Amino acid sequence: MEFNVKSGLPEKQRTACIIVGVHENYKLSDTAKKIDDISKGYLSSILQSGDLKDKLGQTLLLYKVPGINAERVLLVNCGNDIDDNQYRKIITSSVNALLKTRIKEAICHLTYLEIANRDIAWKIKQVVEITQATAYFFNQFKTKPDDHSLNKMLFGISSNRDIAKRACLDAQKIADGIKLAKDLGNLPSNICNPSYLANQAKNLAKLHIKLTCKVLDKAAIKKEGMNTLLAVGQGSNEPPKLITLEYNNGGKAAPVVLVGKGVTFDSGGISIKPSKDMDEMKYDMCGAASVLGVLSVVAELQLPINVIGIIPSVENMPSGTATKPGDIVTSLSGQTVEILNTDAEGRLILCDALTYAERYKPDVVIDIATLTGACVIALGGHAIGLLGNNDSLIQDLLEAGELSGDRAWQLPLWDDYQKQLDSPFADMANIGGREGGTITAACFLSRFTEKYKWAHLDIAGTAWISGKKKGATGRSVSLLVQYLMEYCVK
Ligand code: BES
Ligand code: MN
Ligand code: ZN
């Protein structure tokens, strides 16, 4: 998609559609007012009919409005005194209204809306991210792709042109990183396997000189002593990979390390999952996809920092060589784990990657993982689960979530939960029972992250949408990019 700014009188703008706001009691926005005047009261007369319902985000598409050059006018109910989330709703439903037509291009006149503490750049960024996300279709495997045509959104703007243009360009880069994560998530596991993810990382490194990629194969992983990672991959014919992608643009500064769960298919292993919706376990690499998405954005934005992406990637399968419940394995940290449930595999690949992260002497480490079904139950599809060992890092991530709209919610990582992981045979078990499943999973990880500031994002509920509109969301890319942008100016 293409985004840009466009000045000039709204009534003169030649476009397929011009999007304008209407407020409570049919009060017209300035732009709508101008169009109304030119058309001799056409908009107000139509509004009198009551067809634009008095509900935030309702839209009404008008054709051939007299006296103006645009082919259509989309009226959007923008309510009054809106907040961040209401703004996002307004934009989403506007874009959805456009997608019901064959409109290819539109000019958005909704950046005038006043929202507390939000400037023009924020509003443009939201529109860009939402438009590209809403107009996204994964057509790669359709022999006859549907023709969804919206491919250009312009911002009708009369002042602050340079700021707006800059915001457009930056937001486009972020939206492209989100798209990369979605595309990877949506790919089926027969294509997107650990080797495929490794090649994607290598391709990114070819595109940007500040990115370097290294991939450890099975033998190298074994040599390192990453046995819990190996234990998860050993039932599959697909070889495991440990992918690192380093972005160096911050001199000698300690890096931010991002660790992404890259299980390209999670059958559960010997503790096999029920067959219903098992296809969705192709999304179990969305943490890895986020890491690749974020690193591509960081490289595009040329942020003045060092960021390391670490992706442990495996396929979790049952077979004669698979790990069996009760098996005991020594992790890279030296701690032993009794694997009571082979379906609690994410933490097993993450724990070795988190220990591996120590060698980068990180300033902070953030892992991103579709880790627990319990997180889906606790927070649903709206908030990312957030836990960690450092309050100020947690605070920064919560704020980045609010600002980007990619919101997270903190859960407690109290010591009280740790004993649920006790094992009679090893240093710990890999499961902690049904109660507080998201928390005990994070407790498990916390035993491998004591040497640095660490936060954990559980994206199990947010990384994809189920049902008819099934698909990856790219959630956590926007939050993490926002966090890193703020990190640069701290
Ligand atoms: N990848 C799953 C978590 C998951 C499940 C994400 C459903 C999204 C939807 C993870 O590997 C897993 O299977 N976790 C188990 C852990 C349990 C065995 C302790 C779970 O949540 O059921
Ligand atoms: Mn699992
Ligand atoms: Zn999993």
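In each ligand, atom 1 is the first atom listed, and ligand 1 is the first ligand listed. Predicted model, so just to flag it, every value in this text is computed and none were measured.
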Among Asp391, Asp363, Asn389, side-chain hydrogen bond (donor to acceptor under 3.5 Å, both in side chains) partner for Lys453 = Asp363

Could you verify whether a donor N or O on one side chain and an acceptor N or O on the other, from [X] and [Y], lie under 3.5 Å apart?
X      : Y      : result
Thr323 : Gln234 : yes
Asn390 : Tyr452 : no
Ser478 : Glu129 : yes
Gln482 : Ser404 : no
Asp176 : Gln172 : yes

Closer than 2.8 Å to the Zn ion (ligand 3) - protein N, O or S atoms, ordered by chain and residue number | Lys261 NZ, Asp266 OD2, Asp284 OD2, Glu345 OE2

Find out whether the Lys NZ or Arg CZ of Arg447 is both under 6.0 angstrom from the six-membered ring centre of Phe444 and within 45° of the ring's axis.
-> no

Residues which pass side chain to side chain contact (heavy atoms under 4.5 Å, CB included) with Ala175, listed by chain and number, not counting sequence neighbours = Val128, Gln132

Derivation and outcome, side chain to side chain donor-acceptor pair (under 3.5 Å), residues Thr372 and Thr438 | CA-CA 6 Å; Thr372 61; Thr438 303; 2.9 Å; yes

Assign the ring pair Trp122 / Tyr87 to parallel, tilted or perpendicular, where the plane angle (0 to 90°) is split at 30° and 60°.
-> tilted

Where does the angle between the aromatic ring planes of Tyr487 and Tyr483 fall among parallel (under 30°), tilted (30 to 60°) and perpendicular (over 60°)?
-> tilted

Around the Mn ion (ligand 2), how many protein N, O or S atoms are there at under 2.8 Å?
-> 4

Salt bridge or not for Asp84 and Arg118, using N-O below 4.0 Å?
-> yes

Leu350 to Ala369 - nearest heavy-atom pair and separation = CD1-CB, 3.7 Å

Kindly print each ligand 1 N/O atom paired with any protein N/O atom under 3.5 angstrom away, one pair per line, or none if nothing qualifies.
| unit_1 | atom_1 | unit_2 | atom_2 | d |
| --- | --- | --- | --- | --- |
| ligand 1 | 1 (N) | Lys261 | NZ | 3.3 |
| ligand 1 | 1 (N) | Asp266 | OD2 | 3.3 |
| ligand 1 | 1 (N) | Asp284 | OD1 | 2.9 |
| ligand 1 | 1 (N) | Asp284 | OD2 | 3.0 |
| ligand 1 | 1 (N) | Thr370 | O | 3.3 |
| ligand 1 | 11 (O) | Lys261 | NZ | 3.2 |
| ligand 1 | 11 (O) | Asp266 | OD2 | 2.9 |
| ligand 1 | 11 (O) | Asp343 | O | 3.1 |
| ligand 1 | 11 (O) | Glu345 | OE1 | 2.8 |
| ligand 1 | 11 (O) | Glu345 | OE2 | 2.9 |
| ligand 1 | 13 (O) | Lys273 | NZ | 2.8 |
| ligand 1 | 13 (O) | Asp343 | O | 2.9 |
| ligand 1 | 13 (O) | Asp343 | OD1 | 2.8 |
| ligand 1 | 13 (O) | Asp343 | OD2 | 3.2 |
| ligand 1 | 21 (O) | Gly373 | N | 2.7 |

